[in-house]
Protein chains: 2
Amino acid sequence: MCIGIYPDLSRLHQGQGGKGVQKSSIWVNFPIMARTSDKRERLIQAADRLVLRQGFKQTTLSDIASDAGVPLGNVYYYFKTKEDIGETIVRMRIERIQEWLEACSNEPEPRDRLLKFLDYPASHRDEIAESGCTLGTLSYELRRSDTRLNALAHSLVGVLLDWAEQQFTAMGRSDAHELALQFTSNIQGMSLISNVLDDPEVIDSMVVRTRQWLEALSM
Amino acid sequence: MCIGIYPDLSRLHQGQGGKGVQKSSIWVNFPIMARTSDKRERLIQAADRLVLRQGFKQTTLSDIASDAGVPLGNVYYYFKTKEDIGETIVRMRIERIQEWLEACSNEPEPRDRLLKFLDYPASHRDEIAESGCTLGTLSYELRRSDTRLNALAHSLVGVLLDWAEQQFTAMGRSDAHELALQFTSNIQGMSLISNVLDDPEVIDSMVVRTRQWLEALSM
DNA sequence: GTCTATAAGAAGATAGAC
DNA sequence: GTCTATCTTCTTATAGAC
């Protein structure tokens, strides 16, 4: 059983700020390679970083603006509301996880794809211990908000869940759905514990154990 | 390896509101069985409920006051700051989990104690799907705050972790620490997934699988 | 497109009458 | 102890000059 259709992600890197050719006389000589401001991108990156560390509600537009080196008032040229920034972050994080899942899908064997996935938490152990999982922390928080972001929260873990189920199905397991729950649950659980205890070694040992679990599974 | 000493919980049900004998002439006839207001308790219960559903930051004092049927200004008679309410909730939740752990400890066999613990998530499946784990949601959020509550966050999962390690040690397992991490991680993971997907069945199937895992462990 | 100043509203906290 | 009114600060959002 899959979670279903996810929201359209195609609008991800757009925005009312646009990316049109710079009209100012300074750049009029470079009509094709027109240099555009990277402020929108800086704002997104700053927001993503701060939201990971502080949570969405806790992070103010002022935090984001100053971290990105953009005046507060200018933020509203790129984003109509704070919620829009949140939505952009969610969609970006979903895209990132999808990219990693596609990379893992290059492995010929489904079991190896799942094993490969674990390279991500393993190589981000310190970041996870400091701030938690980029999917879990945000989805857990957004699930508690009464904005439209609430509805988007499930996709953050849903993409991983569905992908994992596909792999277990490819392994010929009839309990693929439950195994996928177990796999995703393991990742979210270790991230939460590691973060709360501020201990990256939790990731180390739990990744090892999850690998052993995968390797012991019959096909 | 245990997490360490937890904060002193003895002050839990105290507060500057106190519980002294009611001095008003109305109750002067009942100096011993003096009736005291239950407002403080109502505020705590309301706060606990709302924080579970909405998160601590998201929950306003106004929310808490009106849910408890107490005027906003009166809240400050019982709690000096909002942070104090948060601390009270954390300590109460820690006490609650400790009580359940003690109840489980009545089982003669350590493995049965761990199995017994799982009755809790199993019987609270709907609540967890709707609002998440009372320990995990709060500790994950508080870990992101820069208040003194941050330091308290690790105790929320730490008590469970230490208790589980004791049981695995009693089972004669040399990898008791890692097994405890796995056990706690399972509980937190299933709670997060169940909540994000809004699906209590996640708890059902993951509890079954965790029980199977425990039963298959050698002593 | 950019930036300063500021409006508008929410939320924590306090004053002081009763 | 209780409650209303209000202060203060923080935060989102807008106005409008450049």
Side-chain angles (χ1 to χ4, degrees), chain A residues 14-28 34-43 46-47 50-51 54-88 145-149, chain B residues 14-28 30 34-43 46-47 50-51 54-89 145-149:
Chain A
Q14 298 175 15
Q16 71 272 35
K19 297 244 173 166
V21 172
Q22 169 65 264
K23 292 298 198 335
S24 148
S25 59
I26 301 175
W27 306 117
V28 77
R35 288 177 57 177
T36 56
S37 165
D38 64 341
K39 280 184 177 153
R40 185 184 155 87
E41 189 57 29
R42 291 214 312 272
L43 285 167
L50 290 166
V51 167
Q54 310 177 342
F56 180 67
K57 174 87 180 174
Q58 191 83 16
T59 301
T60 68
L61 292 172
S62 174
D63 289 339
I64 297 170
S66 66
D67 194 82
V70 173
L72 177 58
N74 200 1
V75 172
Y76 286 90
Y77 177 76
Y78 296 98
F79 299 95
K80 204 155 67 76
T81 64
K82 185 188 177 185
E83 215 180 321
D84 283 350
I85 298 182
E87 185 172 339
T88 305
S145 75
D146 52 0
T147 67
R148 68 186 144 86
L149 296 181
Chain B
Q14 296 176 15
Q16 73 272 30
K19 299 244 172 162
V21 171
Q22 170 64 265
K23 292 296 196 337
S24 148
S25 59
I26 301 175
W27 307 115
V28 76
F30 306 89
R35 288 176 58 176
T36 56
S37 164
D38 63 341
K39 280 184 177 156
R40 184 185 156 87
E41 190 56 29
R42 291 214 311 272
L43 285 167
L50 289 167
V51 167
Q54 309 177 343
F56 180 67
K57 174 84 179 175
Q58 192 83 12
T59 301
T60 70
L61 291 172
S62 172
D63 289 339
I64 297 170
S66 65
D67 194 80
V70 174
L72 178 57
N74 200 2
V75 172
Y76 287 90
Y77 177 77
Y78 296 98
F79 299 95
K80 206 155 65 75
T81 64
K82 184 188 178 186
E83 216 179 322
D84 283 350
I85 298 182
E87 187 172 338
T88 305
I89 292 174
S145 76
D146 53 0
T147 67
R148 67 187 145 85
L149 297 181

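Reminder, nothing fancy here: chain letters follow the sequence lines and each chain counts from 1.
- Regarding contacts with the backbone of dT2(D), a side-chain N or O of Tyr78(B) is found under 4.0 angstrom from either OP1 or OP2.
- Taking only side-chain nitrogens and oxygens, Tyr77(B) comes nearer than 4.0 Å to OP1 or OP2 of dG1(D).
- Atom CZ of Arg42(B) and atom C1' of dT2(D) are 12 Å apart (whole Å).
- Applying the side-chain contact (heavy atoms from CB on, under 4.5 Å) criterion to Ser66(B), with sequence neighbours excluded, gives no partner residue.
- Considering only residues two or more places apart in sequence or on other chains, Ser62(A) meets the side-chain contact (heavy atoms from CB on, under 4.5 Å) condition with Thr60(A).
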Please list, for nucleotides 11-18 of chain C, all pairs of protein and nucleotide N/O atoms separated by less than 3.5 Å.
from, atom 1, to, atom 2, distance (Å)
dG12(C), OP1, Lys82(B), NZ, 3.1
dG12(C), OP2, Leu61(B), N, 2.8
dA13(C), OP2, Lys82(B), N, 2.8
dA13(C), N7, Tyr76(B), OH, 3.3

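- Gln54(A) is linked by a side-chain hydrogen bond (donor to acceptor under 3.5 Å, both in side chains) to Thr59(A), counting only residues two or more places apart in sequence or in another chain.
- Pairs passing the salt bridge (charged side-chain N to carboxylate O under 4.0 Å, His left out) check and including a residue from residues 55-66 of chain A, sequence neighbours excluded, do not occur.
- A close approach under 4.0 Å does occur between a side-chain nitrogen or oxygen of Lys39(A) and OP1 or OP2 of dT2(C).
- Side chains of Leu149(A) and Phe56(A) form a contact here, defined as non-hydrogen atoms less than 4.5 Å apart.
- Legend: residues meeting side-chain hydrogen bond (donor to acceptor under 3.5 Å, both in side chains) with Asp67(B), ordered by chain and number and at least two apart, are Arg49(B).
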